[in-house]
Amino acid sequence: MAIVEHSLPRSARRQWAAVLVAGAGRLAQMALTLLAASFLIFVALQRAPGNPVDIMLGNKAGDAEAVRRLNAQYHFDQPLLVQYGHWITGLLHGDLGTSFIFREDVSSLIAARIPTTALLVAYGGLLVLVLGFVTGLVSARAGRTVDTGISVLLSVALATPTYVIAIVLITVFSLYLNWFPVFGSGDGLLGRLHHLTLPAVTLALSSSAAIARVTRAAVKDEERRDHVTTALARGLDTPTVLRRHVIRNALLPITTITGIVAAGLIAGTVIVENAFGLDGVGSLLVQAITRKDYAVVQSTSILVITAFLVVNALVDLLYGVIDPRTRDGGTR
Amino acid sequence: MTPLLEVDDLRLTVGGRDPQGQELLHGVSFTVGAGEAVGIVGESGSGKTLTIRAVAALHPPGARIDGDIRLDGRSVPAMSPRELMRMRRDDVGMVFQDPHAAINPVHRIGDFLTETYRKDGPEQRRVAAARALELLHQVRIDDPARILGCYPHELSGGMLQRVMIAAALLRGPRLLLADEPTTALDVTTQAEVAALITDLRRESGTSLIFITHDIELVGALCDRILVMYKGRIVEELTPDRLHGGKIAHPYTEALLACRPDITRRRHRLPAVPAGAFEEGWAAQ
Ligand SMILES: Nc1ncnc2c1ncn2[C@@H]1O[C@H](COP(=O)(O)OP(=O)(O)OP(=O)(O)O)[C@@H](O)[C@H]1O
Ligand SMILES: [Mg+2]
């Protein structure tokens with residue numbers, strides 16, 4: 001690489017400017033997406049059947065005075081746009097409102113739940129990448145029998161719904177083998193990881209199958225390329241050819257699928273947290289939706305959507321790093 | 001003196017439907033002397049690429065090789081993987097038809113050129129980098145220092161083919177294998193690249209096998225010309241025999257008749273009818 005450095009002078013500065021402009025555009029685009037998404041969710045919630053005030057009051061729902069007081073307190077008596085305005089102003093000031101079921105600040109409520117979900121997604125994501133990539137690579141390089149065997153397993157993993165995987169794993173590893181706890185989040189990092197292992201595996205299984213398939217196809221595809229023949233013809237050793245010319249190039253499609261899989265992983269936490277009784281953001285979202293806790297649903301969805309957007313932005317960024325042809329401001 | 005390369009009754013069989021497989025090369029024999037340039041011409045699918053790839057043991061996976069290929073007296077099919085790697089790295093350089101396909105798009109030109117030195121020490125790599133720069137000069141690339149930092153897609157086909165030639169010559173090989181190196185380029189670039197290959201290999205005394213469909217080009221570049229037809233070498237010519245010499249095989253005759261000639265006026269160039277010479281060949 002040393003020989004390359006002195007060739008970057010002026011165009012490098014221009015490239016950085018291009019990157020900054022592109023980055024600012026990207027941020028603006030993300031902000032707009034969030035705004036639109038939050039409004040859609042707001043409207044959808046208002047239109048959904050059921051009335052939060054009735055739920056709050058329970059058997060006192062007939063009390064007209066109480067209804068009026070609560071409606072005023074939560075601004076339910078005002079037009080939709082005004083309500084949305086209230087909420088977004090609060091959001092910009094760091095005030096996410098109050099949950100009426102938990103009688104607690106939404107921000108502290110969510111903050112308490114984030115670690116579990118973040119750990120679950122990170123754990124699951126790591127499993128997906130390692131498991132998916134290794135399986136795909138082995139499948140591509142191994143002989144016919146191993147390849148076919150893996151291929152069958154992948155089809156099963158892909159076709160099985162998440163909650164079925166959860167039930168099977170709980171039955172086998174918790175109830176029968178007694179290796180892992182069935183419910184709860186555990187204490188300390190090790191305890192948490194222990195508790196999160198089955199949920200993370202559940203979350204990761206079908207996603208790793210997707211990554212494995214793409215990895216296998218990409219590796220097989222790249223192996224056939226002319227530039228791999230060139231690399232071999234130049235007397236490079238097999239590990240180098242595999243690393244620098246096959247896997248390196250296969251990373252392009254793998255990165256693309258990783259972006260899609262990451263989105264599915266985040267969405268999957270909703271099912272997995274409920275199946276394993278974890279109090280993460282996903283299970284909070286489900287509880288809040290069933291009880292029409294607007295403030296919580298609103299903020300939680302925004303959080304989830306933000307996570308989507310950030311992951312996608314990261315994948316795009318990574319793509320630019322991996323494939324020089326997609327980079328802006330090249331030296332042509 | 002033994003020639004640099006001896007290809008001796010080379011037969012190449014790929015696993016076909018029948019248990020014996022399908023033989024694609026039916027006993028190809030030729031030699032290339034030190035410093036000699038040999039051209040191979042022949043119709044599409046006649047086995048030119050298979051032949052020179054087999055020289056570097058780059059035959060299709062699963063293919064069987066019979067007969068022998070000796071480089072400097074050492075049998076290539078008998079080499080261990082390690083010897084094979086060293087032979088490809090140090091003794092043989094290859095140039096392919098489409099440089100944009102043959103060079104990995106994700107690495108910079110500088111990385112590509114010096115890639116075979118990655119496992120050597122930093123001192124070696126510095127020497128290699130300097131040599132790469134010098135070779136880019138020799139293949140007449142302006143501003144080579146800038147080119148080292150470019151990616152392949154930022155270069156034209158002609159430029160990139162020069163880079164490929166520089167890469168093939170970087171370790172000073174004894175034999176250069178060029179498989180239609182000019183076919184993907186425009187006409188003026190074709191001439192330049194062909195001239196470049198000839199000049200550089202003459203300077204360094206490197207032997208050359210040059211595959212092309214351009215029979216005039218091969219006459220200008222090569223000391224001898226092999227004509228391939230359906231997996232066999234059917235004729236060996238010297239450049240002077242291209243014009244009015246005695247031709248033994250009817251396929252060669254037809255091939256030569258297909259050349260456009262500015263001294264003659266024709267409405268259409270004759271085509272070589274497919275499979276027309278099999279009886280002719282069998283009868284010999
Ligand atoms: N891996 C393979 N498996 C089966 N057949 C093959 C394989 N590679 C090449 N062939 C066949 O062998 C024959 C010779 O191919 P080759 O590529 O050597 O031709 P060529 O003379 O280089 O042609 P061209 O001028 O088109 O490059 C062709 O008929 C081709 O279809
Ligand atoms: Mg060919």
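Keep in mind that the numbers below use all heavy atoms, side chains included, and drop hydrogens, waters and symmetry copies. Order of the sequence lines fixes the chain letters, A, B, ..., with proteins taken first and strands second; residue numbering starts at 1 for each chain.
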### Task
I would like to know whether B:V106 and A:I322 meet side chain to side chain contact (heavy atoms under 4.5 Å, CB included); could you show each step before the answer?
CA-CA 7 Å; B:V106 307; A:I322 292 174; 5.7 Å; no

### Inter-chain contacts: residues 218-243 of chain A against chain B, heavy atoms under 4.5 Å
A:D226, A:H227, A:T229, A:T230, A:L232, A:A233, A:R234, A:G235, A:L236, A:D237, A:T240, A:R243

### Task
Side chain from CB out, backbone as N, CA, C, O: work out which of these in B:M164 comes under 4.5 Å of a heavy atom of chain A, or both, or neither.
side chain

### Query
More than 12 non-hydrogen atoms from neighbouring residues, nucleotides or ligands closer than 6.0 Å to CG on B:D142, yes or no?
no

## Note on the structure
Greatest number of non-hydrogen atom pairs under 4.5 angstrom with chain A, of B:A102, B:A167, B:P122, falls to B:A102

### Task
Specify which of B:H100, B:R118, B:R171 makes the most heavy-atom pairs with chain A at under 4.5 Å.
B:R118

### Query
How about residues 140-150 of chain A versus chain B: which residues have heavy atoms under 4.5 Å apart?
none

#### Entry: Atom group of B:I103 that falls short of 4.5 Å from chain A, counting heavy atoms
backbone

#### Entry: Summary of side-chain hydrogen bond (donor to acceptor under 3.5 Å, both in side chains) pairs that have at least one residue in residues 20-32 of chain A, sequence neighbours excluded
A:R26-A:D316

### Message
For B:R82, which atoms come within 4.5 Å of any heavy atom of chain A: side chain, backbone, both, or neither?
### Response
neither

## Note on the structure
The side-chain hydrogen bond (donor to acceptor under 3.5 Å, both in side chains) partners of A:R244 (sequence neighbours excluded) come to B:E115

### Summary
With chain A, the option among B:H107, B:K119, B:M94 that has the most non-hydrogen atom pairs under 4.5 Å is B:H107

## Note on the structure
For B:P105 and A:P324, the nearest pair of non-hydrogen atoms, with its separation, is O-CG, 3.3 Å

